[in-house]
Amino acid sequence: MIRTLTEIKNFKIWMICLTLFLWAVLIASPFLGLLDDSLLYSLFPFLNFGLVIDGTIAGNEIPQFIKDNFSFALSLACVMIAIALIVLVVYLIVKCVLASQRSKAKKVLRKTGYSAEYFALLEKKKKHLSGSYLEAVNDLCLAKEYGDGRRYDSALEILRNVDIDKFKVKDAAHYYSLYAYIFILTGNLDNAGFAIDLGVPFAEKAKDKSGMEFVSALLLYAQKDYDGAENAFTPLLKCHNNEVRVWAGMYLGLIFLRQHKNDSARKTVVALSKFKKTPRQSEDILKLLKKIETAYALEEEERRQESAEETQAE
């Protein structure tokens, strides 16, 4: 599902722009002869406070224009405040609705995993945003969820149909890194390398390059260049993207297991426990911990056999 903060942020910007526009119209109306105190008070009699201002300010006489229009200006200020409050209420209602959608999806994901029910909610959101300026970004998020749910065909179908012209630089970098990621997981390494080549120029312009750096390291891992992959994954343990950091640590753990460095693998994976993880990462970490446990068991069994052989030899 599209990140709720993204949708809320964009709606907030629209609401602020609408408020400023209405304020500008209201302020300009008296000067354009479209609104005066008699018209305002005939529409909203309760705004006629009948207040009068007189005297001086810092020894200077208050201008007659301000004296004559003080009550009217105060009434306009009240209207402006009312507009702001109405817009705020609408914003809060929409924010609560969007947050409830996100909460419901997270609850279903937590309860049923990457199930048909979960993806039905995401497809409903996709349909709702179809044709909107958030459609492309939402499709990118949906493709990632399909990838995390191991529904790679669905993820690739969405990525093939996304309108990449609507992406900002960071979204374009994410698009190509996600494309490469899915290709790697499905064994299509040639197309993965091609996607990385297309995405590198966008990643270089983006503030966060960790996504592209991760899939580049993952491609080395898939190509069985474990030394190169280790060198590429290691710096990502210090990146600011927690999701990338966790994935990098997990693949480093797998590399350490291949090198029979069980202690290093365990230390690396245990260090990941302090970071927030996606449901897919939580599942895969449990599998990795079982692999590490098995590796320790095999190591212990080998020690016992060696000890038994030494005893027999004596």
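Everything numeric here is computed off the predicted structure, so don't read it as measured data.
- To the nearest 0.5 Å, atom CD1 of residue Ile83 and atom CH2 of residue Trp23 are 8.5 Å apart.
- Counting heavy atoms from C-beta outward, Leu26 and Leu22 have side chains that stay 4.5 Å or more apart.
- Here the side chains of Ser71 and Tyr41 are in contact, with some heavy-atom distance below 4.5 Å.
- Looking only at atom types and distance, the side chain of Gln259 has no donor-acceptor partner in the side chain of Tyr226 under 3.5 Å away.
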Worked verdict on Glu157 versus Tyr146 for side-chain hydrogen bond (donor to acceptor under 3.5 Å, both in side chains)
CA-CA 10 Å; Glu157 182 181 357; Tyr146 272 125; over 6 Å; no

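- By the 6.0 Å contact criterion, CZ on Phe21 is open, its count of non-hydrogen atoms from other residues, nucleotides or ligands being 12 or less.
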Using side-chain hydrogen bond (donor to acceptor under 3.5 Å, both in side chains), reason through Asn188 and Thr186 one step at a time and then give a plain yes or no.
CA-CA 6 Å; Asn188 194 340; Thr186 54; 5.6 Å; no

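- Between atom CG of residue Leu198 and atom OH of residue Tyr176 there is a gap of 5.0 Å, rounded to the nearest 0.5 Å.
- The hydrophobic cluster containing Leu34 does not contain Leu39, counting ILVMFWY residues as joined when their side-chain heavy atoms lie under 4.5 angstrom apart, directly or transitively.
- Considering all non-hydrogen atoms of both residues, Lys166 and Ala136 come closest at CB-CB, 4.0 Å.
- Shown are Val87, Asn10, Leu20; of these, the side chain to side chain contact (heavy atoms under 4.5 Å, CB included) with Met15 is made only by Val87.
- Ring planes of Tyr251 and Trp247: tilted class, angle from 30 to 60°.
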Could you go step by step and tell me if Leu35 and Leu76 meet the side-chain contact (heavy atoms from CB on, under 4.5 Å) rule?
CA-CA 10 Å; Leu35 181 67; Leu76 287 181; 3.9 Å; yes

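- A chain of hydrophobic side-chain contacts below 4.5 Å, direct or via other Ile, Leu, Val, Met, Phe, Trp or Tyr residues, connects Leu92 to Leu18.
- Remark: Phe119 CZ to Leu121 CG distance equals 11.0 Å, nearest 0.5 Å.
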I'd like to know whether Lys144 forms a salt bridge (charged side-chain N to carboxylate O under 4.0 Å, His left out) with Glu243, so could you lay out the CA-CA distance, the side-chain angles of the two residues, the decisive distance to 0.1 Å, and finally the verdict.
CA-CA 12 Å; Lys144 180 184 180 303; Glu243 186 172 355; 2.8 Å; yes

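- At a threshold of 4.5 Å between non-hydrogen side-chain atoms, the residues Lys277 and Met250 do not count as touching.
- Counting only N and O atoms by type, the side chains of Asp208 and Ser210 include a donor and acceptor under 3.5 Å apart.
- A heavy-atom distance below 4.5 Å is found between the side chains of Leu98 and Gln101.
- Taking every heavy atom of both residues into account, Ile255 and Ala229 meet most closely at CD1-CB, 3.9 Å.
- Salt bridge annotation for Glu7-Arg102: absent, with no cationic side-chain nitrogen under 4.0 angstrom from a carboxylate oxygen.
- Val97 and Trp14 fall into different hydrophobic clusters, defined by Ile, Leu, Val, Met, Phe, Trp and Tyr side-chain heavy atoms under 4.5 Å apart, directly or through other members.
- Judged by distance alone, the side chain of Glu135 and the main-chain N or O of Gly131 form a donor-acceptor pair under 3.5 Å.
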Take Tyr296 and Asp263 through the test side-chain hydrogen bond (donor to acceptor under 3.5 Å, both in side chains) and record every step on the way to the result.
CA-CA 9 Å; Tyr296 271 111; Asp263 289 340; 2.3 Å; yes

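- With a 4.5 Å cut-off on side-chain heavy atoms, Asp163 and Asp139 do not count as touching.
- In terms of modelled atom types and a separation under 3.5 Å, the side chain of Ser177 and the main chain of His174 share a donor-acceptor contact.
- Put simply, the side chain of Leu257 reaches to within 4.5 Å of the side chain of Leu288, judged on heavy atoms.
- Taken from CG in Leu254 to OG1 in Thr268, the straight-line distance is 10.5 Å, to the nearest 0.5 Å.
- The nearest pair of heavy atoms linking Leu47 to Ser75 is O-OG, 2.7 Å.
- Put simply, Leu74 and Phe46 are part of the same group of oily side chains (I, L, V, M, F, W, Y) that touch within less than 4.5 Å, one to the next.
- Here the straight-line distance linking atom CD1 of Ile292 with atom CZ of Arg266 works out to 8.5 Å at 0.5 Å rounding.
- For the atom pair CG of Leu122 and OH of Tyr114, the computed distance is 10.0 Å after rounding to the nearest 0.5 Å.
- Side chains of Phe256 and Glu230 form a contact here, defined as non-hydrogen atoms less than 4.5 Å apart.
- In this structure, Phe167 places its CZ atom where more than 12 heavy-atom neighbours from other residues, nucleotides or ligands lie under 6.0 Å away.
- Between Phe11 and Tyr91, the ring planes lie parallel to each other; the angle is under 30°, not in the 30° to 60° tilted range.
- Gly147 approaches Tyr152 most closely through the heavy-atom pair O-CE2, 3.3 Å.
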Hey, mind stepping through Arg150 and Glu283 against salt bridge (charged side-chain N to carboxylate O under 4.0 Å, His left out) and telling me if it holds?
CA-CA 12 Å; Arg150 297 178 177 85; Glu283 291 176 9; 3.4 Å; yes

Check against side-chain contact (heavy atoms from CB on, under 4.5 Å), Ser29 and Val25
CA-CA 6 Å; Ser29 294; Val25 170; 4.0 Å; yes

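- Contact check for Phe202 versus Tyr175: no side-chain heavy atoms found under the 4.5 Å cut-off.
- Smallest separation of non-hydrogen atoms from Lys95 and Ile8: CG-CD1, 3.6 Å.
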Leu156 and Phe183: CA distance, side-chain angles, deciding distance, side-chain contact (heavy atoms from CB on, under 4.5 Å) verdict:
CA-CA 9 Å; Leu156 289 172; Phe183 277 140; 4.0 Å; yes

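- In terms of hydrophobic clustering, with Ile, Leu, Val, Met, Phe, Trp and Tyr side chains grouped at heavy-atom distances under 4.5 Å, Val244 and Phe275 are assigned to a common cluster.
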Before you tell me yes or no, could you show the steps for Asp284 and Lys287 under side-chain contact (heavy atoms from CB on, under 4.5 Å), namely the whole-Å CA-CA distance, both residues' side-chain angles and the distance that decides it to 0.1 Å?
CA-CA 5 Å; Asp284 288 354; Lys287 294 177 183 177; 4.1 Å; yes

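- Nearest approach of Ala232 to Pro235, heavy atoms of both residues: O-CD, 3.4 Å.
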